[in-house]
Amino acid sequence: MKVSRIFVALLVMFALFRTSDSARAEINTNFVKEFLNRYRPLKVGLPAAAQSSQDVASLIRTGQLPLGVGDLINLIIQNNLDVGVSRLTPLSSGYLIETMYRPFEPTLHLQATVTRNTSPATSQLIGAQSLSTLGGAYSVGFSQALDTGTTLGVDFVMNRNSSNSAFNTFNPSYTGLLRYSFSQHLLKDYGRANNRRQIRVAQNNQKISETQFERQLIDLVAQAQRAYWDLVFAAEDIKVKQRSMDLAQKTLSDNEIQVRIGTLAPIDVVQAESEVANRRVQYVTSTYTEVQTQDQVKKLITSQGDPGLILAKLIPSQVVPKPQSSDVPPVEQAIKIALENRPEIKQLQLDLQNKKIDLEYTKNQLLPTVDLFAAYNQNGVGGKETIRSGFGPTAPIVAQSDGGIFDAFGQLFGYGYTGYSVGLSVQIPLRNRAAQGENARAMTDERIAEQKITSQAQQIALEVRNALTQVDMNRARIEAATKARELSERRLEAEQKKFDLGASTIRFVLEEQRNVAQAQTDELQAIVNYTKALVDIDRAMGMTLKKNNIEIEKTLISGPTAR
C-alpha cells in the first residue's frame, strides 16, 4: 500500500517536472480564472435589441416600402415589441433550471478558531495555580449530496492545545482527525426520480414557456397576415373607388355637353354632379381607411414608440391568390394535424407530466424514513511529549521528546489509530395525514390535467371545423360575388345603351354604376376574406409557423427568415 502511494507521488512529481514552465503557468492561470468565474455574475446571452429603423430603411425605395408577406413576418420577428418581451420568458425559465441543482452542488468548507483563556484553579488536579490555555481548531471539509439520496462527506480537523498544566503529557499537543462519512436514504427520498423532481418540473416548465411563446407567435403572425390582406383590400378598393369616381366624372362631362347642345335637361347635370360628390366622399373614406390600416401594419413591424415615424408608404407586393381545390385538407386530416401541432396540446401534455412527477413524489413521501449511515475515522496525536516516573507535577521527568504537528500527521496517515461506525435510523410517523393529503391532492391534479387535455382537444376540433366552414363559405361567396359583378357590368352596359337611345334616364345609369362599383368591392372583399380564412385554418391546425418556415429555436435567439 505504502509502496504504491510513493510510486504514484513520484510519477506526479515527474510529470510536473517534465511540464514546461509556460505550460504550468498557463494551466495555473486558466484554473484560477475558471475557479474565480464561479463567483462572478454569469454572462447572460440576451437577444440583441431590435434595430427597426435600420431594418425598415433598408427596404424603402423612393419613399415607398414594397412589402410581401415574408418581409412582413421577418420584420415582426426582428422588431416587434411583443415578440421581444415574450422571447425572454423561455430564457428566464432556462436559468431557473440551474437554480434547482443547488442541493446537489459540492461544498468545500474551511474554519479556523483560536481561543485564549485564563482561569483560577479549583483543584490540585489542574496542575497549576492559575490555568492558562491557548487553543486552535482548524478544519477543512467537503460534502456532496447526490440525486440518489446519498450524502458523502470528508472532514479533516487539526486541534492545537497548550497550557501551563503540569499534568499534560503533550504540551503543546496536536490532535488530528480525518473522517469519511456516508449516509443513504432507503425508503423515503430514495432514488433519482424523487430527488430530481424539481429539476424535472423546471425542465418541463421551460418547455411550457417555449410553447407559450410559440402560441403567442402563431397569433401574432396570423394577425399580421390578416392585416396584410386588409392592406391589400384597402389598396385595391381605392382603385375601385377611383374608377367609379372617374366614370361619374366622365358621365358628368358628357351630360354637360348634351345640355349645351340642348339634348339633355339641366336637372340631369345636377344629378351627375351629386353623384360625383358622393363618390368622392367614398374615395376619401377609403383613402383614410387605408391610412389606418397602414398604421396598424407599421405598429407590427417597428419597435419605435410611434409607428407613424415610418414615413414610407407600405406597398403590398403580393396579389390575392385565387382559390384552389388543394387549399385545405379533409376535415378528419385537419383535426389530426391540429392535435399534433397545436401548442395548447403540447403545453397541457407537459403539465400532465409535471402532475405525474408530483404524484410519484407524494407517493414516495408516504413511506417511513429509513437511513443507513457509516463513518470511518483516522486519528493522530503529536507534540512535545514529557514522560514522568510517577503521577503528579512533582514526579521526576524520565524523558522528553521534541515532537510537533508532523507526528500527528504521521499517525493520522499511518492508519495505526482508526475507528468506524455503522448505523441505521428509522422514523415512522404514527399519523400520516399530511402525506396522505398531499398524495390525494396530486392524484386529483393529475385527473384534472387529463380532463383538460380532452377538453382542449374537443375545442380544437371545433375550431378546425369552424375554420373549414369559413373557407367553404367564402369560396361560395367568391363565386356568387363574381357572378353578381358580371351581371352588374352587363346591366350597366345595357342601361348605358338605353340611355344613349333615349329610352332611359341618367338616374338609372348612375344607379347601375354604383351597383357595379359595389359589386367589384364585394368581389374583392370575398376574395380577401377567403385568403384570411386560409390564414385562420392554418392557425387552427397549428401550421402557421411551419408554412412560413419559422423555427422556434432560431426565433428564440435572433429570428428566422420567412419565405
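Note that the numbering runs from 1 along the sequence shown for the chain. Side chains are part of it too, since the values below use all heavy atoms of this structure and drop only hydrogens, waters and symmetry mates.
The minimum heavy-atom distance between Val464 and Ala540, with the atom names listed, is CG2-O, 3.7 Å. The two residues Gly382 and Asp407 have their closest heavy-atom pair at CA-CB, 3.8 Å. Taking each heavy atom of Ile537 and Ala467 in turn, the nearest pair found is CD1-CB, 3.5 Å. Residue Ala442 comes nearest to Asp358 through the heavy atom pair CB-OD2, 3.7 Å, listed as atom of the first residue, atom of the second, then distance. Shown here for Thr148 and Gln184, the closest heavy-atom pair between the two residues is O-NE2, 3.1 Å. Minimum heavy-atom separation, Ser93 to Ser209: OG-OG, 3.5 Å.
In this structure, CD in Gln198 is found 8.5 Å from OG1 in Thr99, a value given to the nearest 0.5 Å. Taken from CZ in Phe104 to OG1 in Thr151, the straight-line distance is 9.5 Å, to the nearest 0.5 Å. For the atom pair CZ of Phe142 and OG1 of Thr107, the computed distance is 8.0 Å after rounding to the nearest 0.5 Å. If you take NE2 on His185 and CG on Asn364, they are separated by 10.0 Å, rounding to the nearest 0.5 Å. Rounding to the nearest 0.5 Å gives a distance of 12.0 Å between CD of Glu214 and CD of Glu551. Rounded to the nearest 0.5 angstrom, Ile345 CD1 and Asn341 CG are separated by 11.0 Å.
Paired with Leu134 under the rule side-chain contact (heavy atoms from CB on, under 4.5 Å), one option of Val114, Asn117, Asn161 passes, and it is Val114. Applying the side-chain contact (heavy atoms from CB on, under 4.5 Å) test between Ile73 and each of Leu300, Asn548, Asn549 identifies Asn548 as the sole match.
Under the 3.5 Å distance criterion, with hydrogens and angles disregarded, a donor-acceptor pair is assigned to the side chains of Asn168 and Ser163. Side-chain polar atoms of Asn439 and Thr362 form a donor-acceptor pair below 3.5 angstrom. Side-chain contact of Asn354 with Asn204: a donor-acceptor pair under 3.5 Å is present, judged by distance alone.
Annotation: side chain of Ser425 is in contact with side chain of Phe373 (closest heavy-atom distance under 4.5 Å). A 4.5 Å side-chain heavy-atom check between Met541 and Pro329 finds at least one atom pair inside the cut-off. Within the 4.5 Å cutoff, the side chain of Ser132 has heavy atoms near those of the Thr118 side chain. Side-chain contact check for Asp155 versus His109: some heavy-atom pair is nearer than 4.5 Å. For the pair Tyr361/Asp189, a side-chain contact is recorded, criterion being any heavy-atom separation below 4.5 Å from C-beta on. Between Gln365 and Glu438 the shortest side-chain heavy-atom distance does not fall below 4.5 Å. Counting only heavy atoms from C-beta outward, the side chains of Leu81 and Val85 never approach each other to under 4.5 Å. Side chains of Asp351 and Gln353 form no contact here, defined as non-hydrogen atoms less than 4.5 Å apart.
Listed for the Gln378 side chain is a donor-acceptor partner under 3.5 Å among the backbone atoms of Leu412. Looking at Asn377, its side chain never comes within 3.5 Å of a backbone N or O of Gly419 through a donor-acceptor pair. The backbone N or O of Ile208 sits less than 3.5 Å from a side-chain atom of Thr211, completing a donor-acceptor pair. Counting only distance, with no hydrogens or angles, the side chain of Asn432 and the backbone of Ala435 share no donor-acceptor pair below 3.5 Å. No donor-acceptor distance shorter than 3.5 angstrom exists from the side chain of Thr150 to the backbone of Leu146, with no hydrogens or angles considered. No side-chain donor-acceptor contact under 3.5 Å links Ser455 to the backbone of Gln451. A donor-acceptor contact shorter than 3.5 Å is absent between the side chain of Asn379 and the backbone of Leu177. Counting only distance, with no hydrogens or angles, the side chain of Gln225 and the backbone of Val535 share no donor-acceptor pair below 3.5 Å. Not a single donor-acceptor pair under 3.5 Å links the side chain of Arg200 to the backbone N or O of Asn194. The closest donor-acceptor contact from the side chain of Asn79 to the backbone of Ile301 lies under 3.5 Å.
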Does the side chain to side chain contact (heavy atoms under 4.5 Å, CB included) test come out yes or no for Gln456 and Lys452, once each step is laid out?
CA-CA 6 Å; Gln456 185 64 54; Lys452 284 183 177 180; over 6 Å; no
Which is it for Ile552 and Leu217 under the side chain to side chain contact (heavy atoms under 4.5 Å, CB included) test, yes or no, and what are the steps along the way?
CA-CA 9 Å; Ile552 290 295; Leu217 194 58; 4.0 Å; yes
Applying salt bridge (charged side-chain N to carboxylate O under 4.0 Å, His left out), run through Glu105 and Arg102 and close with a yes or a no.
CA-CA 5 Å; Glu105 290 183 345; Arg102 183 179 290 112; 5.8 Å; no
Between Ser143 and Leu152, is the side chain to side chain contact (heavy atoms under 4.5 Å, CB included) condition met? List the steps.
CA-CA 6 Å; Ser143 61; Leu152 303 175; over 6 Å; no
What's the verdict on side chain to side chain contact (heavy atoms under 4.5 Å, CB included) for Val221 and Ile76, showing C-alpha distance, side-chain angles and the deciding distance?
CA-CA 8 Å; Val221 170; Ile76 287 174; 5.6 Å; no
Take Arg192 and Asp147, measure what salt bridge (charged side-chain N to carboxylate O under 4.0 Å, His left out) needs, and give me the verdict at the end.
CA-CA 5 Å; Arg192 290 186 172 89; Asp147 55 9; 3.3 Å; yes
Verdict with reasoning, Lys546 to Asp538, per salt bridge (charged side-chain N to carboxylate O under 4.0 Å, His left out):
CA-CA 9 Å; Lys546 290 184 179 180; Asp538 287 342; over 6 Å; no
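Atom OH of Tyr190 is surrounded by 12 or fewer heavy atoms from other residues, nucleotides or ligands within 6.0 Å. More than 12 non-hydrogen atoms from other residues, nucleotides or ligands lie less than 6.0 angstrom from OH of Tyr376.
Relative orientation of the Phe413 and Phe409 rings is parallel, given thresholds of 30° and 60° on the angle between their planes.
Checked for salt-bridge contact, Lys207 and Glu210 miss the test: no charged N lies under 4.0 Å from a carboxylate O. We find that Arg447 and Glu450 are joined by a salt bridge, their nearest charged nitrogen and carboxylate oxygen being less than 4.0 Å apart. Using a 4.0 Å cut-off between a side-chain N of Lys or Arg and a carboxylate O of Asp or Glu, Arg226 and Asp536 qualify as a salt bridge.
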